[in-house]
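Data first, discussion second: the structure below is written as structure tokens.
Numbers for residues simply follow the sequence, beginning at 1.
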Amino acid sequence: MTGTWLKSGDATSDAPLRLFCFAHAGGGGGFFRPWREPLMPEIEVCPVILPGRETRVAEPAHRTMEDLIGPLCEGLAPHLDRPYALFGHSTGAAIAYEVARRFQDDPARAPLRLLVSGRRAPHLAARRPPFAGLPDDDFLRVVAELGGTPAEVMRQRDLMRMFLPALRADFHLNEGYRPLPGPRLRCPLSGFTGDRDPEVTPLELRLWEATSDGPFRMRVYDGDHFYLAGLPEPLRSDLRQDLFEGSRRPVG
């Protein structure tokens with residue numbers, strides 16, 4: 001891939017910690033833009049841009065984790081020159097998990113923490129029947145039911161069909177994902193979910209604890225699968241606490 005995995009200007013601030021963020025299937029870096037100002041100056045939010053969307057819309061999207069993870073880690077490696085953590089929501093949680101596992105064996109590049117949101121533990125079987133291969137209209141109907149895509153965008157059929165290949169690729173990746181071969185996590189792990197999320201129960205989220213030898217912390221918020229949109233104050237406060245726990249950096 002020739003595109004850049006971060007928006008121009010990201011990973012350039014003097015913030016002591018970088019937070020690389022991975023969006024849900026069909027989502028993009030823009031989902032995390034509202035997070036930037038509330039978390040600065042201590043935390044620089046760096047949304048990851050995957051092929052097939054935003055500035056990389058002309059590139060083919062990856063349909064499997066096996067194909068994605070190598071180029072992704074290669075693209076992120078130059079930006080790991082300071083402490084960092086990984087945050088992933090829904091499908092993004094699985095991607096962040098695999099990135100953390102890939103980098104953890106190098107002490108100079110290991111993440112401080114992995115933060116997963118809105119996703120069942122990776123070893124659990126899928127609850128929802130696969131739908132990535134459905135005919136276009138049926139596929140888009142299911143995507144609309146899941147939420148996360150504004151209704152006004154869903155109504156623009158020509159626009160949706162332009163993004164359809166990347167959207168399908170995201171759900172193929174999600175439906176076909178199984179944890180890749182590799183070591184257990186060793187870093188601290190945080191889990192987040194909404195109390196009305198139809199995609200994951202608190203118990204299913206808690207089972208992420210089995211994936212890491214590090215400490216685990218779970219938090220449940222008022223909301224559905226997209227409880228985190230716009231960075232509500234309780235989540236902002238908890239992120240700062242988890243990211244700077246045990247350090248002398250300011251958390252207020």
Query - Side-chain heavy atoms of V143 within contact of F171, under 4.5 Å - result: yes
Requested in this report: Tell me, please, which residues at least two apart from D197 pass salt bridge (charged side-chain N to carboxylate O under 4.0 Å, His left out).
Outcome: none
Report task. Name all pairs fulfilling the ring-ring contact (aromatic ring centres under 6.0 Å, His included) condition that reach into residues 34-54, sequence neighbours left out, sorted by first residue then second. Result -> F32-W35, W35-F87
Report summary line: P34 and G30 have their tightest heavy-atom pair at CD-O, 3.6 Å
Report task. Please list, chain by chain and in numerical order, all residues satisfying side chain to side chain donor-acceptor pair (under 3.5 Å) with D137, sequence neighbours excluded. Result -> R157, R161
Report summary line: All heavy atoms of Q104 vs all of L185, minimum pair found to be OE1-CA, 3.3 Å
Query raised in the report: Should I49 and I69 be regarded as members of a common hydrophobic cluster, given that ILVMFWY residues are connected when their side-chain heavy atoms come within less than 4.5 Å of each other, either directly or indirectly?
Result: no
Query - For Y177 against A94, the heavy-atom pair lying closest together - result: CE2-CB, 3.8 Å
**Report entry** Residue pair L140, L164: steps toward the side-chain contact (heavy atoms from CB on, under 4.5 Å) verdict
**Finding:** CA-CA 9 Å; L140 291 174; L164 193 57; 3.8 Å; yes
Query raised in the report: Does R196 have any side chain to side chain donor-acceptor pair (under 3.5 Å) partners at least two apart in sequence or in another chain, and if so, which?
Result: D222
Query raised in the report: Is there a donor-acceptor pair under 3.5 Å between the side chain of E42 and the backbone N or O of P16?
Result: no
**Report entry** Residues S190 and R113: side-chain donor-acceptor under 3.5 angstrom
**Finding:** yes
Report task. Considering non-hydrogen atoms only, spot the tightest contact between G27 and D170 and give its length. Result -> N-OD2, 4.5 Å
Query raised in the report: Under a 4.0 Å N-O cut-off, is there an ion pair linking R53 with E59?
Result: no
Report summary line: For R102, the salt bridge (charged side-chain N to carboxylate O under 4.0 Å, His left out) test, sequence neighbours excluded, returns none
Query raised in the report: Under the salt bridge (charged side-chain N to carboxylate O under 4.0 Å, His left out) test, which residues partner R109, sequence neighbours left out?
Result: D106
**Report entry** F103 vs C73 side-chain heavy atoms within contact, under 4.5 Å
**Finding:** yes
**Report entry** Spatial distance of atom CG (L189) from atom SG (C187) [nearest 0.5 Å]
**Finding:** 6.5 Å
Requested in this report: Only pairs at least two apart or in different chains count here, so list each salt bridge (Lys or Arg N to Asp or Glu O under 4.0 Å) that has a residue in residues 61-84.
Outcome: R18-D81
Query raised in the report: Between CG of L19 and OH of Y84, what distance do you get to the nearest 0.5 Å?
Result: 11.5 Å
Report task. Could you list the residues that satisfy ring-ring contact (aromatic ring centres under 6.0 Å, His included) with Y97, not counting sequence neighbours? Result -> W208
Query - Residues forming a salt bridge (charged side-chain N to carboxylate O under 4.0 Å, His left out) with E145, sequence neighbours excluded - result: R141
Report task. Applying side chain to side chain donor-acceptor pair (under 3.5 Å), name anything that partners R217, two or more places apart in sequence or on another chain. Result -> D242, E245
Query raised in the report: So how far is it from L6 CG to H79 NE2, rounded to the nearest 0.5 Å?
Result: 4.5 Å
Query raised in the report: Short question: side chain of R168, backbone of F139 - any donor-acceptor pair under 3.5 Å?
Result: no
**Report entry** N/O donor-acceptor pair under 3.5 Å between E54 side chain and G28 backbone
**Finding:** no
Query raised in the report: Which distance, rounded to the nearest 0.5 Å, do you find between the CZ of R178 and the CE of M65?
Result: 11.0 Å
Requested in this report: Only counting residues at least two apart or in another chain, list the ones meeting side chain to side chain donor-acceptor pair (under 3.5 Å) with E37.
Outcome: none
Query raised in the report: Rounded to the nearest 0.5 Å, how far apart are CD1 of I95 and OG1 of T91?
Result: 6.5 Å
Query raised in the report: Do the side chain of D195 and the main chain of G223 share a donor and acceptor less than 3.5 angstrom apart?
Result: yes
Query - Close side-chain approach of L228 and F31, heavy atoms under 4.5 Å - result: yes
Query raised in the report: Between P47 and D10, what is the shortest heavy-atom contact and its length?
Result: CD-OD2, 3.6 Å
Query raised in the report: For H225 and S90, does a side-chain donor sit closer than 3.5 Å to a side-chain acceptor?
Result: yes
Query raised in the report: Is the shortest distance from a Lys or Arg side-chain nitrogen in D213 or R186 to a carboxylate oxygen in the other one below 4.0 Å?
Result: no
Report task. Say whether V45 and M40 are linked into one hydrophobic cluster, either directly or through other cluster members, by side-chain heavy-atom distances under 4.5 angstrom. Result -> no
Report summary line: Note: R127 and T201 closest approach over all heavy atoms is NH2-CG2, 3.7 Å
Query - Residue pair F20, L76: steps toward the side-chain contact (heavy atoms from CB on, under 4.5 Å) verdict - result: CA-CA 9 Å; F20 296 102; L76 290 182; 4.2 Å; yes
Report task. Flag the pair I43 / F244 as yes when at least one side-chain heavy-atom distance between them is below 4.5 Å, and no otherwise. Result -> yes
Query raised in the report: Is there a donor-acceptor contact under 3.5 Å from the side chain of S237 to the main chain of P234?
Result: no
Cut-off 3.5 Å, no hydrogens considered: what does the side-chain donor-acceptor table look like for residues 115-124, sequence neighbours left out?
from	atom 1	to	atom 2	distance (Å)
S117	OG	H89	ND1	2.8
S117	OG	Y227	OH	2.6
R119	NH1	N174	OD1	2.7
R119	NH2	N174	OD1	3.3
R120	NE	E204	OE1	3.3
R120	NE	E204	OE2	3.1
R120	NH1	A125	O	2.0
R120	NH2	E204	OE2	2.8

Query raised in the report: With a 4.5 Å limit on heavy-atom distance, are the side chains of P179 and E98 in contact?
Result: yes
Query raised in the report: R36 and E44: side-chain contact (heavy atoms from CB on, under 4.5 Å), yes or no, with the steps?
Result: CA-CA 7 Å; R36 301 193 67 181; E44 181 183 17; 4.2 Å; yes
Requested in this report: Check whether any side-chain heavy atom of V48 lies under 4.5 Å from a side-chain heavy atom of L72, and answer yes or no.
Outcome: yes
Query raised in the report: Honestly curious: do F216 and L207 fall in one hydrophobic cluster under the side-chain, below-4.5 Å linking rule?
Result: no
Query raised in the report: Can you tell me how far the CZ atom of R206 sits from the OG1 atom of T193, to the nearest 0.5 Å?
Result: 12.0 Å
**Report entry** Pairwise side-chain contact, P202 with M218, heavy-atom cut-off 4.5 Å (strictly under)
**Finding:** yes
